[in-house]
Amino acid sequence: MCPCHGWSYGPDGQCVKIPAHPDQKPPAKARATTYRARRAYGLVWVSLGQPGHDIPHFPKWGDESYRKILCGPYSFDAAGTRAVENFLDVVHFPFVHAGYLGDPQHPEIDDYEVQLSEEGIVAEGITVWQPDPDGSGKGARVTYTYRVLRPMTAYFTSTFEEPAFAAYFTVLPTDEVGCCAWMWLAMNYSQEQPEAVIREFEDAVTAQDIPIVESQRPELLPLDLPAELHLRSDRTAIAYRKWLQELGLVFGTV
């Protein structure tokens with residue numbers, strides 16, 4: 001229903017009621033534009049056309065041993081592709097997130113494998129030193145597996161011995177150089193810790209990311225790999241850019 005004049009619309013977008021003229025049949029041109037939409041994982045997913053794939057799968061969603069916490073929305077004055085690539089990058093942990101996710105005294109990233117398929121990108125065996133990976137106060141090396149499920153949706157799992165942590169990150173581009181992101185956290189430990197504390201931690205980490213992402217130039221993500229210098233620790237970013245190029249994505253890229 002329109003909140004201004006109370007016009008009511010059916011699911012096909014056609015107006016079915018005009019309160020000011022209750023006996024008048026709404027004209028055919030009184031029609032709203034409709035889009036395909038579904039609810040999943042506590043979010044509303046909208047397609048502007050005919051989607052070629054289903055909503056990207058959140059593997060831990062149905063696992064009751066994992067606690068799920070929704071964080072965001074986080075606004076970036078940056079292309080959605082830039083926000084996703086930042087999510088995929090562990091090399092910045094020791095410096096941008098020192099004391100949270102990394103330690104500048106332990107910046108080494110071991111080599112790892114990346115595979116590209118019709119299902120997206122999988123990067124396995126990414127290890128990084130973290131100062132407190134499980135809330136015990138002890139530092140350790142943590143192993144990550146990253147998956148890029150769609151151009152604007154990515155996912156990772158991390159393990160340190162038994163505790164496991166996962167994050168599902170999805171981005172809504174608002175324009176070519178603006179976006180909004182949500183992140184679902186899933187964890188099978190620290191069940192007693194208040195959600196507000198966990199969300200506050202993620203808010204603080206994202207607040208460190210935002211100015212970094214917004215400062216990157218060019219603002220759009222270059223898909224021409226020689227345009228920027230890449231190292232072997234950037235394998236995931238390289239695969240992401242190649243994949244976007246293969247898909248023919250042009251919005252948010254250059």
Side-chain angles (χ1 to χ4, degrees), residues 37-48 55-61 66-102 120-121 123 128 130 132-133 142 144 146-158 165-187 190 193-221 236-237 240-241 244 249 251-253:
R38 281 175 51 197
R39 289 189 295 178
Y41 315 134
L43 301 172
V44 177
W45 301 76
V46 180
S47 174
L48 301 184
I55 293 169
H57 181 52
F58 182 4
K60 300 299 183 187
W61 184 257
Y66 281 78
R67 179 186 189 187
K68 289 86 175 179
I69 300 171
L70 180 62
C71 299
Y74 301 114
S75 294
F76 293 78
D77 289 329
T81 48
R82 285 290 193 186
V84 172
E85 190 173 78
N86 178 80
F87 175 79
L88 301 174
D89 177 52
V90 299
V91 182
H92 76 284
F93 285 5
F95 305 100
V96 178
H97 305 305
Y100 286 89
L101 301 180
I121 298 166
V128 60
Q130 296 190 313
D132 187 12
V142 178
Y144 283 84
Y146 277 85
R147 298 178 185 274
V148 187
L149 309 171
R150 301 288 185 274
M152 296 295 168
T153 303
Y155 170 79
F156 75 64
T157 56
S158 67
F165 179 83
Y168 182 92
F169 184 74
T170 191
V171 174
L172 168 68
T174 52
D175 55 47
E176 278 207 302
V177 288
C179 66
C180 191
W182 287 262
M183 186 184 302
W184 272 106
L185 307 180
M187 51 201 299
S190 296
Q193 194 170 33
E195 282 192 15
V197 173
I198 297 171
R199 195 174 288 113
E200 182 179 354
F201 179 89
E202 192 58 44
D203 290 348
V205 169
T206 304
Q208 294 175 327
D209 278 323
I210 289 173
I212 299 298
V213 175
E214 293 181 343
S215 69
Q216 293 174 344
R217 296 295 181 273
E219 292 178 293
L220 303 183
L221 187 72
T236 311
Y240 178 57
R241 295 187 185 196
L244 295 182
L249 188 76
F251 190 83
T253 68

Return the minimal non-hydrogen interatomic distance between [X] and [Y], and the atom names on each side.
X: V84; Y: P151; value: CG2-O, 3.9 Å
X: A166; Y: Y155; value: CB-OH, 3.8 Å
X: Y144; Y: V128; value: CE1-CG1, 3.6 Å
X: G80; Y: V171; value: CA-CG1, 3.8 Å
X: A237; Y: E85; value: CB-OE2, 3.5 Å
X: Q193; Y: I198; value: OE1-CG1, 3.6 Å

For the [atom1] atom of [X] and the [atom2] atom of [Y], what is their distance to the nearest 0.5 Å?
X: C179; Y: R82; atom1: SG; atom2: CZ; result: 12.0 Å
X: L221; Y: Q216; atom1: CG; atom2: CD; result: 8.5 Å
X: I210; Y: I212; atom1: CD1; atom2: CD1; result: 11.0 Å
X: I121; Y: L88; atom1: CD1; atom2: CG; result: 7.5 Å

Got [X] and [Y] here, is their nearest side-chain heavy-atom distance under 4.5 Å?
X: T236; Y: F87; answer: no
X: M187; Y: S158; answer: no
X: Y146; Y: Y240; answer: no
X: F165; Y: V142; answer: no
X: L220; Y: V177; answer: yes

Could you list the residues that satisfy ring pair (Phe, Tyr, Trp, His ring centres under 6.0 Å) with [X], not counting sequence neighbours?
X: Y168; answer: Y41, F58
X: F201; answer: Y100
X: H57; answer: none

So which pairs with a foot in residues 194-216 pass salt bridge (Lys or Arg N to Asp or Glu O under 4.0 Å), sequence neighbours left out?
->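 As it turns out, the salt bridge (Lys or Arg N to Asp or Glu O under 4.0 Å) pairs with a partner in residues 194-216, which skip direct neighbours, are E195-R199.
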Determine, step by step, whether L249 and T81 satisfy the side-chain contact (heavy atoms from CB on, under 4.5 Å) criterion, reporting the C-alpha distance in whole Å, the side-chain angles of both residues, the deciding distance to 0.1 Å, and the verdict.
-> CA-CA 10 Å; L249 188 76; T81 48; 4.1 Å; yes
Among pairs that include at least one residue of residues 169-182, which meet side chain to side chain donor-acceptor pair (under 3.5 Å), considering only residues two or more places apart or in two chains?
-> T153-T170
Mind checking what makes salt bridge (Lys or Arg N to Asp or Glu O under 4.0 Å) contact with R38, not counting sequence neighbours?
->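 Partners of R38 by the salt bridge (Lys or Arg N to Asp or Glu O under 4.0 Å) criterion, ordered by chain and then number, come out as D54.
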Test item: K60 side-chain N/O and K68 main-chain N/O as donor-acceptor pair under 3.5 Å | no
